[in-house]
Protein chains: 2
Amino acid sequence: MSDYVQKIENALDALGERKSRPRQLLAEKLGTLAVEGHGFTVEELWTALRAENPSLGRATVFRTVKRLVDAKILDLIDFLDGTKLYRVCGESLIDTGHHHHLACLQCHAIREFTFCLPADQIERVSRKENFWVQSHSLTLYGLCEFCRPQQP
Amino acid sequence: MSDYVQKIENALDALGERKSRPRQLLAEKLGTLAVEGHGFTVEELWTALRAENPSLGRATVFRTVKRLVDAKILDLIDFLDGTKLYRVCGESLIDTGHHHHLACLQCHAIREFTFCLPADQIERVSRKENFWVQSHSLTLYGLCEFCRPQQP
DNA sequence: TTTAGTGCAAAGGCTTTGCACACCG
DNA sequence: CGGTGTGCAAAGCCTTTGCACTAAA
């Protein structure tokens, strides 16, 4: 766990400059969440942080989360039912490489998987459509093993 | 054009029951937008409809758009900069088949392309991750031919 | 000492909802 | 008529912003 916290702290250092108490708390919490792989809302994060520091402001969490998303430390996964959850991105923290997400429509668990659309396929679409592709997003929605009825 | 309008009206019939003036106007406007392939916000749609019927309420547009999204008549494309645009879905209206979107990050044009991740690849991920995949979303972001600097 | 960072509360956007009325069937 | 659909305005969410204050370097 300490590994993740350290890396998140380093990432924050690389962005903003100062190590404040709120950011430190946030890094610690995100370290835990990274291990568990849970998705979370800003509200949930804020609530959790206030357990440690009751005066910590909501805006601070929003501001820091935004920075972390820009820095690709956090991913934002959009379930199509209106739910949107942040998740610590394994790619930047433990070098899992290029990945996309499996999103469970029932319990909202999010998992990374490292497979992707082959580059030559993207290239083909790009040429055919005369469209310069810079990035892409791919999410598979369904049910995780805990939410699915037992298989035969 | 009339083709699209007819199909959208039919789709609305299939959902709600009554043909009201607001819904008719909305179907006509969406017919035009389907031909042009433009993405739009609810606000833009509302503004356009008020040109025909100044007393048409914003809530009506929201309510109808929501129904159409649920019915997969409209797609919602999420640019990652906060922009979200609706688009008439070719798949349900003119049977273009399974498709995904090319989204221009500059002018916010949205185009459909019919290529997709091969089913056996999805199947492989599904088995490997022990995750039952029900649906997926794939969007390619980049620059369309009009927003891109001239190629050599 | 300097200035990024913070907390608070207010303001913003966008979307939904409650309610009385309108109007389709 | 009966009940869906509508318009309006108010309320709800989630997020951002302004400002004075705190504290890191």
Side-chain angles (χ1 to χ4, degrees), chain A residues 8-30 39-71 73-74 76-86 108, chain B residues 8-30 39-71 73-74 76-86 108:
Chain A
I8 293 168
E9 284 181 348
N10 291 346
L12 278 167
D13 282 357
L15 299 178
E17 283 81 48
R18 302 180 180 181
K19 306 181 197 230
S20 66
R21 178 87 182 118
R23 282 183 186 166
Q24 195 182 332
L25 285 174
L26 209 139
E28 287 170 12
K29 185 64 191 170
L30 289 181
F40 52 88
T41 63
V42 171
E43 196 70 18
E44 288 165 355
L45 192 50
W46 181 50
T47 302
L49 294 177
R50 274 192 306 171
E52 299 291 320
N53 180 350
S55 70
L56 197 149
R58 199 199 313 253
T60 298
V61 182
F62 271 103
R63 284 187 278 236
T64 310
V65 164
K66 174 165 283 192
R67 280 171 188 240
L68 291 172
V69 171
D70 289 346
I73 307 294
L74 296 180
L76 178 54
I77 291 87
D78 194 346
F79 291 75
L80 303 171
D81 59 359
T83 309
K84 282 174 142 190
L85 297 180
Y86 294 92
H108 289 156
Chain B
I8 293 167
E9 284 182 347
N10 290 347
L12 278 167
D13 282 357
L15 299 178
E17 283 83 48
R18 303 182 179 180
K19 306 181 198 229
S20 66
R21 178 87 181 117
R23 283 183 185 165
Q24 194 181 333
L25 285 175
L26 209 138
E28 286 169 13
K29 185 64 191 170
L30 290 180
F40 53 89
T41 62
V42 171
E43 196 70 18
E44 287 165 356
L45 193 50
W46 180 49
T47 302
L49 294 176
R50 275 193 304 172
E52 299 291 320
N53 179 350
S55 71
L56 197 149
R58 191 195 258 118
T60 299
V61 183
F62 271 103
R63 284 186 277 236
T64 310
V65 163
K66 174 165 284 192
R67 280 171 189 242
L68 291 171
V69 170
D70 288 346
I73 306 295
L74 295 180
L76 178 55
I77 291 87
D78 193 348
F79 291 76
L80 302 171
D81 59 359
T83 309
K84 282 174 142 191
L85 297 180
Y86 293 93
H108 289 156

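Note on naming: letters A, B, ... go to the chains in the order of the sequence lines (proteins, then strands), and numbering restarts at 1 for each one.
- Nearer to the 5' terminus of DNA chain C, by closest-nucleotide assignment, is the contact made by B/Ala59 (compared with the other of B/Ala59 and B/Lys19).
- In the region residues 49-57 of chain A, proximity to DNA chain C at under 4.0 angstrom, judged on heavy atoms, holds for A/Ser55, A/Leu56, A/Gly57.
- For the pair B/Asp81 and B/His108, the minimum side-chain heavy-atom distance is below 4.5 Å.
- Regarding A/Phe62, its CZ atom lies at a distance of 14 Å from the C1' atom of C/dA11, rounded to whole Å.
- Atom CZ in A/Arg58 sits about 19 Å away from atom C1' in C/dG5, given to the nearest Å.
- With contacts defined as side-chain heavy-atom distances shorter than 4.5 Å, the pair A/Phe40/A/Leu74 qualifies.
- The pair A/Glu9-A/Arg23 does not meet the salt-bridge criterion, since no charged nitrogen lies less than 4.0 angstrom from a carboxylate oxygen.
- Picking from D/dT17, C/dG5, D/dT15 the nucleotide with the shortest atom distance to the side chain of A/Arg23 gives C/dG5.
- With B/Tyr86 as reference, B/Val69 is the one residue of B/Leu45, B/Leu30, B/Val69 to meet the side-chain contact (heavy atoms from CB on, under 4.5 Å) rule.
- When rounded to the nearest whole Å, the span between NZ of A/Lys84 and P of C/dC14 equals 13 Å.
- Using a 4.5 Å heavy-atom cutoff, the side chains of A/Glu52 and A/Leu49 are not in contact.
- Between A/Leu76 atom CG and D/dT15 atom C1' there is a gap of 13 Å when expressed in whole angstrom units.
- If you take CH2 of A/Trp46 and C1' of C/dA9, they are 12 Å apart, rounded to a whole angstrom.
- With a 4.5 Å cut-off on side-chain heavy atoms, A/Thr41 and A/Thr83 do not count as touching.
- Nearest nucleotide to the A/Arg18 side chain, out of D/dC8, C/dA4, D/dT16: C/dA4.
- Side-chain atoms of B/Arg21 and base atoms of D/dG5 include no donor and acceptor less than 3.5 Å apart.
- Per the geometry, CD belonging to A/Glu43 stands 16 Å off P belonging to D/dG12, to the nearest Å.
- Relative to the side chain of A/Lys66, the nucleotides D/dT16, D/dG5, C/dG5 differ in distance, and D/dT16 lies closest.
- A straight line from CZ of B/Arg63 to C1' of D/dG7 spans 8 Å, rounded to a whole angstrom.
- Distance CG (B/Leu26) to P (D/dG5): 14 Å, rounded to an integer number of Å.
- Using a 4.0 Å cut-off, some side-chain N or O of B/Ser20 falls inside it from OP1 or OP2 of D/dT6.
- Using a 4.5 Å cut-off on side-chain heavy atoms (C-beta onward), B/Val42 and B/Lys66 make no contact.
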